[in-house]
Amino acid sequence: LPIKIIDNLFLIPSNIDFEEFAKFLYQNTDNQTDEDFYFSKLLDPIKESFDIIIIDVPPMSKEITRNAVTSSDYVLISLQTQEHSLTGAENYIEELNKLNEKYDLNLTVVGLLPVLLKNTGTVDEYIIENAKEIFGESNIFSTIVPQMERIKRFDINGITNHDRHDLKVLQKYNEVTDELITRLNFYENEVN
Ligand SMILES: Nc1ncnc2c1ncn2[C@@H]1O[C@H](COP(=O)(O)OP(=O)(O)OP(=O)(O)O)[C@@H](O)[C@H]1O
Ligand SMILES: [Mg+2]
């Protein structure tokens, strides 16, 4: 159900009944492989129509994560600067590796994107330094998303571009997008 937002941008909205996805899988599949590839099969017919499909995955659902991952070529991990995110990311990558091997997915982690909880926090700096050591500096986005009050207002008013606070947020996410595309190009060219 892709819905056109603007030229070149379509969205597949979620719905409250998606909450039942795990239960749905258990009732409608009878082995682990069918369960893990259910979404991928649904996505296949529309894949050719798009350059990039981004799947925004909620935290904590094993079934959703596995289905998203089996549908994907790349994984971007957002890393909030708090200790449990670091261990979370480590566990997550371990899970990815298992899926990657089990199904021969050819998955690539395109990078970890740091999102600061506090802009001048020493903990935040410490987490990023630690992440560089654990995952390798080249795997950490050099663009960092800072805390920006305006983003909270976007939840209420929608995304606007009226003043310099709006522009600051949009500029930052443009940087994130540019770095993502650069990284994707790097891996795409490496493969070919
Ligand atoms: N860089 C930021 N600066 C300030 N507030 C932010 C920032 N990023 C996100 N937020 C606020 O935190 C809320 C949650 O952010 P986001 O939806 O990106 O997180 P999430 O982990 O994907 O959450 P969910 O589980 O709801 O999907 C946003 O609605 C926004 O109000
Ligand atoms: Mg989210």
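Counting starts at 1 for both ligands and their atoms, in listed order. For the numbers below, each heavy atom of this structure counts, side chains included, while hydrogens, waters and symmetry mates do not.
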Heavy-atom contacts with Q147 under 4.0 Å: which atoms of ligand 1 show up? List them by number with element. 3 (N), 4 (C), 5 (N)
Under 4.0 Å from atom 25 (O) of ligand 1, is there any protein heavy atom? yes
Right, does atom 19 (O) of ligand 1 have protein non-hydrogen atoms nearer than 4.0 Å? no
Given the protein's heavy atoms, is any one of them under 4.0 Å from atom 5 (N) of ligand 1? yes
Would you indicate whether the side-chain heavy atoms of L107 and Y74 approach each other to under 4.5 Å? no
Enumerated ligand 1 atoms positioned under 4.0 Å from heavy atoms of V145: 1 (N)
When distances are taken from atom 30 (C) of ligand 1, the protein heavy atom at minimum range is D155 OD2, 3.5 Å
Pair R150 + D163: basic N to acidic O under 4.0 Å: yes
D124 and K118: salt bridge (Lys or Arg N to Asp or Glu O under 4.0 Å), yes or no, with the steps? CA-CA 7 Å; D124 304 72; K118 193 159 172 272; over 6 Å; no
Could you tell me whether K98 and E101 have a side-chain N and a carboxylate O separated by less than 4.0 Å? no
Report yes if some heavy atom in the side chain of N67 is under 4.5 Å from a heavy atom in the side chain of L25; otherwise report no. yes
Check whether any N or O atom of I151, backbone or side chain, sits under 3.5 Å from an N or O atom of ligand 1, and answer yes or no. no
Of all the heavy atoms in P146, does at least one lie under 4.0 Å from an atom in ligand 1? yes
